[in-house]
Amino acid sequence: MNTKYFLFLLVAATLLSGCRDRSQVNVSEIRPRETESDNLETALAIVDGLDNADLNQATSACIYNFNQWIEKHDDDPQWVTPSLLSALPIHLAGTGLVNNVGAKRFFPPDVNYLQEMGWISQIARWIQANEVNHRKIWDDHIPASVENEDLAKLRNVLRMFDWTIRNVQLEPLLEYPEVPDDETRTAPELGMPGPGYSMAVRDILIFGKGDWWQRARVLALLARQVDVPVVLLGLPAEFGKAKQPWLTACLIGDQLYLLDLRDGLPVMTEDGSEIATLHGLRQNQKYAVTLLPATVEASGEEILSGLVGLIEADVMSISHRMAILEKYLTGERQMKLTATPHILSRELRTKHAIEMSEIWVPTYEYYAFATALNVRISEGDAGVLAFLREKQDYQMLEDMYQLKEGRFKSFRGLFDDFELEVGQETQRGSKTLLMSSRLAHDKIVDMTTDRQVQEELGYVRPEEMSLTAWQENLRRTKLMFVKTKDMASYMIGMIHMEQGNYADAIDWLERRTLQIGLESADDAPPASLDPNQNPVAEKPSLDLFSGFLGQDSTPEVNRLEKSIYDTSARYNLARCYLALGDYQRAKELLEDDAFNAAQKRGNAKLLQVLK
């Protein structure tokens, strides 16, 4: 299994500790030079094509050209080393990228970061551009006092908040793992999954899952694209473990508007009429304490006055190199790459009486976690491989390239087939690609027993392969097709929803995702949907999990008993009915016992607000 493929870029972040520390720079006026513009254009062109590139090869070429460009470039006079960086825990502050935050030099993880930010900026762009009913759900709850530019910003952030809730299926927030008393390393350094740090932004976006801390990180990155800072409000250390996050807030004008990424809706005022602000909660402490964790309600007044600002600021976002590069991203390439935690910290202190702010550490813990995972993978740790297959099955995406390409195009808003220029060959949009990755149900059922179906799919048993190994590979390939179909069906439904095609979204979410069953032959994608080639001509590699045939055999699975995206599909199905004005049907869905207790709590709050 090519597990190292998707850890490569992120693991590199912690392999740079031997690099020279260049965090202190001499600044002068920035003067762009024509002589290195070819290197910059080449690097940016590689970034543009990352979705369809071999990342290892593209990374090498991209880094080379960026470094050729930036080494001749003057320093950015506005960039400073963020003072909050010095407050990072020592085991996180000593990594290579942190030590080289001021370096005019690019590193492999920067390429991954640029691809992530490319997706984020495109998502933010089309969320703002497309006005559809379900995105307006919170418009009527914006305080009447918000006007003009602040009103536009708050509306945009609420739409981004809604997109995050609907597109990142909520996973349980893990407890921070306990480490043996005689162990000097932390849980992330041991590769132990924990809250907020077990997935990168790439993983959260591609697989559409994350805990509420990870949801908060995605929202912060989206809101940054419209120049709105998002901060987590943490409990004072004495009232929680490691300044436990409580609520998320977006800073617009002179107010911090409060959002609950766990329950999936804005925090409302006591009468439920408006979105609450931190200032308003402090004015109504009797109500405010009811929003605190039950274990600390008795200390509500002390907590509200001692809140800590937890600021999302990835090491790349505060680096000198990204500050320089950001100024050259214009037109379709324009995106916000940088954060200024020292400025946000000062504003929280001077205007909102939040005396202490810190850089939020899960992003940095992820780099330590990824490094540890790579070590455990190299040791053949089956538990790690099982975790990766469950949480982030990149091997499935590599084998089913249409699924991967369709997913990536959905981030960029390329939902439908399109022509780059008039008269050119039609390019497949996200929906067509996702449809092409779905194999007809009868072929899924028969592929392990019917030789004709196997030959139609291009599968022929090699002479040197034993019958046992052949059957195991067929079962694993079948399971991959089943999981692919589940993911593709859900994603197609979500795309229809984003386009405001609620009837089609309901069909895909309800019939094909939530009520998975035997489907007729005409469920297979027609050839006309694929202008370039027959969809079944592309098949996955049979050797999916090389070296693991001695372990428990794969069960015969014709379809999943429950969609991997069951919770999100049910919630979004209800939201489609709400967008169509069918409150009663939405209520029935949101009250379904398929949701767990925590999710039901959020659903009940939503129904109460919208009633």
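When reading the values below, keep in mind they use all heavy atoms of this one structure, side chains included, and skip hydrogens, waters and symmetry mates. If you're wondering where the values come from, they're calculated on a predicted model, not measured in any experiment.
The heavy-atom pair separating Leu170 from Asp211 by the smallest distance is CD1-C, 4.0 Å. Closest heavy-atom contact between Val609 and Met268: CG2-CG, 3.9 Å. Nearest heavy atom pair, residue Thr186 against residue Val179, reads C-CG2, 4.2 Å. Looking at every heavy atom in both residues, Leu348 comes nearest to Gly309 through CD1-CA, 4.3 Å. Between Val101 and Val315, the shortest heavy-atom contact is CG2-O, 4.0 Å. Shown here for Asp227 and Lys153, the closest heavy-atom pair between the two residues is O-NZ, 3.8 Å.
The residues Asp486 and Lys562 are annotated as not salt-bridged, no charged nitrogen and carboxylate oxygen being separated by less than 4.0 angstrom. Ion pairing between a basic and an acidic side chain is recognised when a charged N comes within 4.0 Å of a carboxylate O; Glu131 and Arg155 show no such pairing. Ionic pairing of Glu498 and Arg166 is present here: one or more N-O contacts between side-chain nitrogen and carboxylate oxygen are shorter than 4.0 angstrom. The pair Lys600-Asp593 counts as a salt bridge, with a side-chain nitrogen and a carboxylate oxygen less than 4.0 angstrom apart.
Side-chain atoms of Tyr287 and Asp271 include no donor-acceptor pair closer than 3.5 Å. Counting only N and O atoms by type, the side chains of Gln115 and Asp51 include a donor and acceptor under 3.5 Å apart. Looking at Gln499 and Asp416, their side chains do bring a donor and an acceptor atom within 3.5 Å of each other.
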* Mind running side chain to side chain contact (heavy atoms under 4.5 Å, CB included) on Phe408 and Trp119 for me, showing each step along the way? => CA-CA 8 Å; Phe408 289 178; Trp119 292 339; 3.7 Å; yes
* side chain to side chain contact (heavy atoms under 4.5 Å, CB included) between Asp162 and Arg575, intermediate numbers included -> CA-CA 11 Å; Asp162 179 64; Arg575 290 290 306 277; 2.7 Å; yes
* Would you check, one step at a time, whether the test side chain to side chain contact (heavy atoms under 4.5 Å, CB included) holds for Ile354 with Val231? => CA-CA 11 Å; Ile354 296 177; Val231 61; 6.0 Å; no
* For side chain to side chain contact (heavy atoms under 4.5 Å, CB included), just list the numbers for Val361 and Leu88, CA-CA rounded to whole Å, side-chain angles, deciding distance to a tenth of an Å, and then say yes or no. => CA-CA 7 Å; Val361 298; Leu88 282 176; 4.0 Å; yes
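Side-chain contact between Val218 and Trp163 is present, with heavy atoms from C-beta onward closer than 4.5 Å. The shortest side-chain heavy-atom distance between Tyr583 and Leu607 falls under the 4.5 Å cut-off.
Shown here are the salt bridge (Lys or Arg N to Asp or Glu O under 4.0 Å) partners of Arg346, two or more places apart in sequence or in another chain: there are none.
Paired with Thr338 under the rule side chain to side chain donor-acceptor pair (under 3.5 Å), one option of His320, Lys327, Glu326 passes, and it is Glu326. No option in Lys209, Arg262, Lys391 other than Lys391 meets the salt bridge (charged side-chain N to carboxylate O under 4.0 Å, His left out) test with Glu171.
When ring centroids are compared, Phe161 and Trp138 stay outside the 6.0 Å threshold.
Cation-pi geometry between Arg215 and Trp212 is not satisfied (NZ or CZ under 6.0 Å from the ring centre, within 45° of the ring normal).
Ring pair Tyr565/Tyr490 is parallel by interplanar angle, where below 30° counts as parallel and above 60° as perpendicular. Between Tyr366 and Phe369, the angle of the ring planes lies from 30° to 60°, which puts this pair in the tilted group.
Within a 6.0 Å sphere centred on CE of Met335, heavy atoms belonging to other residues, nucleotides or ligands number more than 12.
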